[in-house]
Amino acid sequence: MSQEIQQFRATLPINEFKQEILKQIQENTFIIITGDTGSGKSTQLPQYLLDDEEFRLNICQKRKKFLEERVEEKEQPKVQGFLSKKLKPFVPEDRINSTDLKIVVTQPRRMAAISMAKRVAFERNQNLGIEVGYSIRFDNSTTNTTQLRYVTDGILVRECLQDKDLTGYDVVILDEAHERSLYTDVLFALVKTAAKRRKGSLKVIITSATLNINIFKNYFEGCPYVKVHGKSFPVEVKYAEHNITQQKRNHDAVNAAIRMHLHEGPGDILVFLPGSEDCEVCRKFCYERLAEVLNSGVEVPSVLLYTLYGSQTSEDQSQVFQRADEHTRKIIFCTNIAETSLTIDNIGFVVDTGYVKQKVYNPRTGMDSLIIQPISKTQAIQRTGRAGRTQAGKCYRLFSKQFYESLSEHTTAEIMRVNLASVMLLLKSMGIDDVVRFEFMEQPTQEAILQSLRQLYLIQAIDEDGQITPMGYEMSRYPLEPSYAKALITSKMMECSNEMSAIVAILSTESIWQRITRVDVDGYQKLQEIQSQHADPAGDHLSLLKIFSEWKQATFNEQFAKDTLLNLRSLKQADNIRQQLQQLVEGTSKKKCSQFYDQDYLYKLFRKQKDSKKWNINESIKLALCSGFYFNTARKMHNGEDTYLMVYPEGTVVDTDPQSVYTVIQQYPETVIFTELGGTSQVRGVMKLISEINIEWVKPYFSNMVKVDLFKLARIEFQQRGRDAVQERRQKKIQEQEKQKDLEQKQKLEKHQLYKARFEQRKKVKM
DNA sequence: GAGCACTGC
């Protein structure tokens with residue numbers, strides 16, 4: 001067996017580059033390895049290092065030197081909170097003399113971490129956890145002896161909180177770095193600073209798909225890169241003559257798929273669409289079209305139609321992966337999920353509509369909107385590649401070559417499109433104060449940073465000088481958005497933390513209700529009936545808690561979940577998270593917190609009210625929610641029942657979510673708070689997850705919100721020394737933007753001329 | 001006048 005494995009390992013494309021890679025790693029701190037999937041880099045690279053005796057001894061020596069010097073320096077973190085006990089500097093005594101090489105490999109997805117650890121353990125003929133293991137949230141297979149750990153990127157970020165020099169590792173491999181998840185972007189910055197402090201005793205390897213390596217090279221100071229070829233087949237790309245309109249998108253996609261089915265050789269067809277509803281609509285339409293073709297007397301070879309998207313049950317998803325018989329072709333209508341997360345074998349053809357749904361965060365309004373957008377070139381190439389994994393393939397793009405040229409080079413990194421409050425709090429809790437100047441690989445907008453600081457200040461995670469508070473330290477322990485962490489900590493003080501940890505856990509998962517589309521009329525009506533039966537006029541948060549508790553009381557019954565149209569997968573996940581949160585809440589000291597809460601208006605209110613007869617636990621839960629979300633207060637406008645006016649920013653009008661219990665029971669309270677603002681129009685927000693409150697509870701906080709001194713908060717006066725540098729960067733950015741603008745203008749003009757020429761030509765023909 | 005892509009601690 002092991003000989004077989006050795007032979008297999010030798011055939012992997014990366015094997016040819018083994019010596020070169022090892023040489024570069026010896027000589028450099030940072031190294032980039034590019035190569036497409038199938039090159040074997042994720043599984044082989046760490047093994048090359050593990051098996052290289054010289055490398056191991058060399059790096060252990062360097063590590064020993066570094067740790068001895070650091071212990072002598074008695075380095076302390078810059079600021080220390082009195083609430084958090086975990087912030088003592090990490091001095092791993094046993095690491096000083098250890099001759100074990102420790103490697104960590106980060107993955108953007110949990111499944112990838114597990115399967116790679118299993119694969120490598122298998123290749124080394126070992127049980128999982130001895131030498132090789134994985135660690136993901138809620139699931140850890142590693143022990144003290146584990147030398148190679150596959151982890152999700154979020155896990156390594158959490159580990160950085162306790163050990164910012166990453167002294168527990170000798171090598172960090174950031175795998176699939178081109179995907180640029182929020183945590184990989186944070187890790188780039190953390191790992192870069194750690195490696196510099198470690199003076200050559202920490203090696204950093206970044207692996208990425210072949211594209212956009214320049215941005216990595218710039219960030220890691222022109223470090224060397226090794227290019228490894230993958231195993232893939234050529235894919236022929238065809239463009240449509242004209243771009244499709246939104247109305248005709250599904251129509252054209254189905255026709256393209258049918259044309260391929262009738263005229264092409266073997267190989268399944270993958271059709272990329274923006275949304276799950278599009279998938280269902282297309283499947284239905286495809287059946288109808290195929291029936292029409294059949295009726296017209298054309299012979300149609302046997303075919304199976306599937307859909308594939310994230311909110312399906314895993315049973316529905318697994319059907320797609322079952323093999324059809326030799327003479328039957330599969331057509332799969334899918335969303336972005338098939339772009340990277342799920343890989344289907346035997347795809348020979350791809351139809352690409354050129355669009356995705358993407359979440360965009362607007363820092364000014366604090367609103368998340370889900371918008372249909374054109375894909376990036378990188379995405380188009382990725383989608384195309386899905387046709388060339390097992391055979392030479394074809395990709396039909398439902399847009400013109402010009403449209404492709406006009407697409408942006410890369411997908412906008414996540415860090416550029418999310419609320420940065422938790423990232424900023426993370427940095428502050430690690431002693432990085434000057435977040436405005438913090439060097440990310442790609443700089444988020446100043447506005448986004450300032451708005452997140454504002455939010456952190458409003459929930460007292462940082463003080464008016466931008467310095468992290470003990471409360472902020474406490475919040476950073478929780479794997480939650482800071483506002484949820486605040487609500488949870490407050491709930492401990494207000495004696496309702498069991499309830500709050502359940503609520504927050506439910507909100508951390510996808511909907512606990514089954515997703516039923518409007519196409520399913522009966523199901524949709526039934527869902528609405530059940531929802532109204534369980535609706536609690538106290539609000540969405542308490543209604544969710546109620547249904548969750550009922551499921552728990554029914555002893556986690558599967559049938560109960562089915563009957564009440566609940567999503568069992570989300571329920572189980574929510575309960576898992578609830579347990580984790582409860583453990584964290586136990587670690588929060590009520591006594592120490594009271595130093596803060598004794599001054600707190602909401603807490604005083606709680607103390608005053610809690611002995612009165614009218615008071616019940618629901619009120620406490622709502623007060624705790626207010627402590628994290630009071631800036632999301634809205635009051636009813638009387639021109640339209642479900643239209644509300646936010647207290648801040650002034651003049652912001654918001655609607656009620658049609659899914660909210662208040663829409664279901666058709667009662668709209670005077671004053672509400674909400675925990676999420678969303679929508680699809682970017683113009684007007686929709687309040688999601690709403691609870692009725694008493695305006696008197698939050699009134700004393702309103703003046704805070706108006707007089708936030710962002711200048712002070714951002715510690716701008718601390719930056720005088722570095723002002724020139726900032727100015728220079730800003731200038732450069734403006735120049736780049738202008739260049740980009742010019743380019744776009746030029747492209748627009750060219751496009752216009754092209755259309756004009758075509759129009760003239762057609763006119764001529766008609767004449 | 002609104003209905004939801006994908007991850008992750």
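Quick note on labels: first sequence line is chain A, next is B, and so on, each numbered from 1. The analysis underlying the following values was restricted to heavy atoms, covering all of them including side chains, and did not include hydrogens, waters or symmetry mates.
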Separation of [N] [atom2] from [X] [atom1] (nearest whole Å):
{"X": "D368(A)", "N": "dA2(B)", "atom1": "CG", "atom2": "P", "result": "17 Å"}
{"X": "F138(A)", "N": "dC9(B)", "atom1": "CZ", "atom2": "P", "result": "8 Å"}
{"X": "Y361(A)", "N": "dC4(B)", "atom1": "OH", "atom2": "P", "result": "21 Å"}
{"X": "Q358(A)", "N": "dA5(B)", "atom1": "CD", "atom2": "P", "result": "13 Å"}
{"X": "E339(A)", "N": "dT7(B)", "atom1": "CD", "atom2": "P", "result": "12 Å"}
{"X": "L426(A)", "N": "dC9(B)", "atom1": "CG", "atom2": "P", "result": "14 Å"}
{"X": "L370(A)", "N": "dC4(B)", "atom1": "CG", "atom2": "P", "result": "7 Å"}
{"X": "L342(A)", "N": "dT7(B)", "atom1": "CG", "atom2": "P", "result": "7 Å"}

Heavy atoms under 4.0 Å, any strand shown: does [X] hit a base, just sugar-phosphate, or nothing?
{"X": "S181(A)", "value": "nothing"}
{"X": "Y478(A)", "value": "nothing"}
{"X": "I136(A)", "value": "sugar-phosphate"}

Worksheet item: Do F272(A) and Y355(A) have ring centroids that are under 6.0 Å from one another?
Response: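 Aromatic pair excluded; centres sit 6.0 Å or further apart.
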Worksheet item: Quick one, which residues of residues 502-512 of chain A touch DNA chain B with a heavy atom under 4.0 Å?
Response: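 Contacting residues: none.
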Discussion item. Can you pull out the residues from residues 103-110 of chain A that lie within a 4.0 Å heavy-atom distance of DNA chain B?
Written reply: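 Those residues are P108(A), R109(A), R110(A).
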Look at the side chain of [X] and decide which nucleotide, out of [options], has an atom nearest to it.
{"X": "I337(A)", "options": "dC9(B), dC6(B), dA5(B)", "answer": "dC6(B)"}
{"X": "Y309(A)", "options": "dT7(B), dC4(B), dC6(B)", "answer": "dC6(B)"}
{"X": "K688(A)", "options": "dA2(B), dC4(B), dA5(B)", "answer": "dC4(B)"}
{"X": "D642(A)", "options": "dC9(B), dA5(B), dG1(B)", "answer": "dG1(B)"}

Item to complete: Please list, chain by chain and in numerical order, all residues satisfying ring-ring contact (aromatic ring centres under 6.0 Å, His included) with F399(A), sequence neighbours excluded.
Response: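 F399(A) satisfies ring-ring contact (aromatic ring centres under 6.0 Å, His included) with F403(A) once adjacent residues are dropped.
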Discussion item. Whether the side chain of S369(A) engages the backbone of I371(A) through a donor-acceptor N/O pair (distance < 3.5 Å, no angle test) should be reported.
Written reply: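 A pair under 3.5 Å: no.
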Worksheet item: With no hydrogens and no angle check, is any side-chain donor or acceptor of K357(A) less than 3.5 Å from a backbone partner on G275(A)?
Response: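 Flag not set: sc K357(A) to bb G275(A) has no pair under 3.5 Å.
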Item to complete: Among V686(A), V360(A), V654(A), L677(A), find the one that has a side chain to side chain contact (heavy atoms under 4.5 Å, CB included) with M367(A).
Response: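 The option that passes is L677(A).
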Discussion item. I want to confirm an ordering. Mapping G310(A) and P479(A) to their closest nucleotides on DNA chain B, which one lands closer to the 5' end?
Written reply: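 Upstream on the strand: G310(A).
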Discussion item. With a cut-off of less than 4.0 Å, is there a side-chain N or O of T643(A) near OP1 or OP2 of dG1(B)?
Written reply: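 The answer is no; no side-chain N or O of T643(A) sits under 4.0 Å from OP1 or OP2.
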Discussion item. Any non-hydrogen side-chain atom of L156(A) less than 4.5 Å from a side-chain atom of Y169(A)?
Written reply: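 L156(A) vs Y169(A): side chains touch.
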